[in-house]
Amino acid sequence: MSISIASASELCVSYSSQVVLDGATLAIHENERTGLVGRNGCGKSTFLKIIAQVEEPDSGEYSVKRGLRVGYLPQDFELEEDATVMDSVLTGAQDVMDMITEYDNTPPESNKSAELMDVISHLDGWNLESRAQSLLTNLHAPDADRVISTLSGGEKRRVALCRALLGQPELLILDEPTNHLDTGSIEWLEVFLSRYTGSCLFVTHDRYFLDRISTRIVEISGGKCVSYEGNYTDYMLTRAERMQQEAVNEHKRQRFLKKELEWVRRRPSARRTKSRDRMDKYFEVADQEAPEEELDIDLIIPPAPKLSNRVVECENISYSIGNRTLFKNLDFKLEGGERVGVVGKNGMGKSTLLKTILGELEPATGKVMIGARADINFVDQGRLILDDQKSIFEEVGEGSEHVKLGEETLGLRQYLKRFLFDDDRINTKIELLSGGECSRVLLAKILKRGGNVLVLDEPTNDLDLNTLRLLEEALVNFAGSVLVVSHDRYFLNRVCTGILAFEDNGDLHYQPGSYDYYLEKKSERDKKNALTEAAFKTVKIAPVKEVKKTGRKLKWKEERELETIEEDILTAEEDVAAKEAVLTHPNFYNEHPNDWQQYEEQLNESKEKVTGLYSRWEELEKIKAEAG
């Protein structure tokens, strides 16, 4: 058993009348990567704050190993507005920076100087700035000299994540680390954390991230911690088995109680001692609590009015900001019933494209045509601004006590219950809600608007896993069209019928199918383009041996060589492509930490062989041509 570095025992926290944690107990061990899951409002962020020692529980105990170094990324973080990006990131290792300052001011011949040097070297303190720059680069954060006050919310979050990772703490606590990260950054973070030597406790809605990183899943349910060994898939399987067994046990309990109740009502007078024992057993079983019933959001998207043949059509549209072109000459159609995911790195123009399609921005070239029957419901990245002083009922109702859903009219209270807000919670002010509960309020407010074309910009941020699944099901069953920007790979795979991708070369590419299918086809295109480029380069720049104009004919061997050389070139290029595929695989450097240079040398040799074959081919063709 690994050593415990932190321990929470019987933690209890209440906000007003709402009990969030009720006896939550958990031990955190060395080298564990623990994913914390549970419904919005169940207390995940509160639990992380207690573990990070920024909040105290109402009761219970929390203890840590002496001298434990902790890094923490909260949902609501603070950065110095007038600091640069680099200065902000470096504060994540402030203790190391303080030691370096002390070392600089300590006489070099002293024992203290030697001790400080050892500690700083152990913490890799001499490479702080280079490690900070590496984090900024790999997480696509803003330039190091940018000032925090000039950054967007998403950019600030990436800076805060870099700050949390820089100190290489023994316990890393991350609350929604993948929010505002593009797919490439998320995949890099997965690799980083899978190699991380410390312990990590994190909350995320990204199911692929949970599956690939977690060594344990802890669910907060009913205010308590329930632990499951393994990753997210293991958790789902084990949890389903546990719930099934609980259901069987509850069925047996109810059958026993029904049978015994009939006996109790007959009031048997004989064998009084045995009867008393049987009565005691009945009341003991009757007092047992039934398994807590899990309620799901009955997520409603109003029925979509019928669409015309044209839904959304973009013809040759372009958009630029200053000297930078975000997209150029884009032709794109959104058909009825299609669900298209828009993907790409942050800052490439995804949100701008949505606003251009919606007419909020004017394209530099081309035009956007919206169908006559298209009724667009747009959910932007910032969503709506909720009024903290209003109750849930007031905020969602917007002055009405009823919600119109197609031909059906629902009472507002009944509608809100489908989003898991009971009568006691409906009148709670927005300022007292958790981040996840606010997301549910926003969903309830937005989806009641209806429409037959949903345009969603990052709809999955801050939603719990159960709500995410229900949103996915609702979108899959939606009869209208959907255009959605998202970095959630699981969501894209489950929902989308096509992918519109902003690619690194600045092009926009549309691929029918799921996100995984897009990646598969993109890999094939990249290999094909690499082969074409390699062939073009070798033909154009390969050194050609000067052949004297002798006018001689090809020798018999040379004729045979010329007949087969094109096939030899094709075989050699296929060999290059195969080796490049191995080298560019995401897990290559994990699987070959010690012999990767050997693979690169073999690839270079294969490329040189292709170059040589092209040179020889030109030489033979030239001899043949000069011979007439």
Side-chain angles (χ1 to χ4, degrees), residues 299-320 326-344 349-384 396 398-400 402-410 415 442-459 471-486 492 495-502 508-513:
L299 201 143
I300 306 168
I301 298 179
K306 188 176 180 181
L307 285 160
S308 57
N309 290 333
R310 172 183 286 167
V311 180
V312 174
E313 187 172 343
C314 302
E315 185 178 286
N316 198 41
I317 64 169
S318 306
Y319 195 89
S320 300
L326 297 180
F327 48 88
K328 186 177 181 181
N329 303 331
L330 172 65
D331 293 314
F332 169 70
K333 284 184 180 181
L334 179 67
E335 305 282 359
E338 280 191 325
R339 299 182 298 277
V340 175
V342 183
V343 303
K350 301 185 296 297
S351 297
T352 301
L353 174 63
L354 295 191
K355 291 177 180 178
T356 305
I357 289 173
L358 294 169
E360 294 183 14
L361 296 173
E362 188 71 25
T365 65
K367 58 183 178 179
V368 177
M369 294 161 282
I370 305 295
R373 293 184 181 175
D375 180 9
I376 298 176
N377 186 352
F378 176 43
V379 183
D380 69 3
Q381 200 170 45
R383 302 199 184 177
L384 304 170
V396 177
E398 298 177 292
S400 173
H402 297 89
V403 176
K404 185 78 173 174
L405 301 175
E407 300 299 319
E408 183 183 5
T409 299
L410 242 64
Y415 176 73
L442 286 164
L443 271 179
K445 187 172 181 177
I446 291 161
L447 294 180
K448 74 183 179 72
R449 296 174 178 173
N452 52 18
V453 180
L454 295 180
V455 180
L456 312 173
D457 196 353
E458 294 287 6
L471 176 60
E472 289 163 357
E473 289 172 13
L475 290 175
V476 167
N477 294 321
F478 182 59
S481 301
V482 179
L483 189 62
V484 55
V485 171
S486 180
L492 290 166
V495 169
C496 294
T497 59
I499 300 294
L500 183 62
F502 283 75
L508 266 166
H509 181 84
Y510 177 73
Q511 176 66 57

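Values below: every heavy atom of this structure, side chains too, minus hydrogens, waters and symmetry copies. The residues of the chain are indexed from 1 along the displayed sequence. Every value quoted in this text rests on a predicted model; they were computed, and no experiment measured them.
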Closest heavy-atom pair and its distance - [X], [Y]:
X	Y	result
Asp457	Ser351	OD2-OG, 2.7 Å
Ser308	Ala372	OG-N, 3.9 Å
Val368	Cys314	CG2-SG, 4.3 Å
Tyr510	Thr497	OH-O, 4.4 Å
Gly337	Ser481	N-OG, 3.2 Å
Leu492	Ser486	CD1-O, 3.6 Å

Judged by atom type as modelled, is there a donor-acceptor pair below 3.5 Å linking the side chain of [X] to the main-chain atoms of [Y]?
X	Y	result
Thr365	Asn316	yes
Thr409	Lys404	no
Asn377	Arg449	no
Asp375	Val453	no

Within this structure, what is the [atom1]-[atom2] distance for the pair [X] and [Y], rounded to the nearest 0.5 Å?
X	Y	atom1	atom2	result
Gln511	Leu500	CD	CG	11.0 Å
Thr352	Phe327	OG1	CZ	6.5 Å
Tyr415	Leu410	OH	CG	9.0 Å
Ile376	Leu454	CD1	CG	10.0 Å
Lys355	Lys350	NZ	NZ	12.5 Å
Glu458	Leu456	CD	CG	10.5 Å

Taking side-chain hydrogen bond (donor to acceptor under 3.5 Å, both in side chains) as the test, write out the residues that go with Glu362, two or more places apart.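 By the side-chain hydrogen bond (donor to acceptor under 3.5 Å, both in side chains) rule, Glu362 matches no residue at all.
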Would you say the side chain of [Y] lies within less than 4.5 Å of the side chain of [X], judging by non-hydrogen atoms?
X	Y	answer
Leu483	Val312	no
Leu330	Tyr319	no
Val340	Val484	no
Val396	Val403	no
Leu508	Phe332	no

Would you list the pairs meeting salt bridge (Lys or Arg N to Asp or Glu O under 4.0 Å) in which at least one residue belongs to residues 306-320, sequence neighbours left out?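 Found Arg310-Glu313.
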If you apply the rule side chain to side chain contact (heavy atoms under 4.5 Å, CB included), what do you find for Leu326 with Leu353, and how did you get there? CA-CA 9 Å; Leu326 297 180; Leu353 174 63; over 6 Å; no
Taking everything shown except Asn477 itself, do over 12 heavy atoms lie less than 6.0 Å from its CG?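 More than 12 within 6.0 Å, yes.
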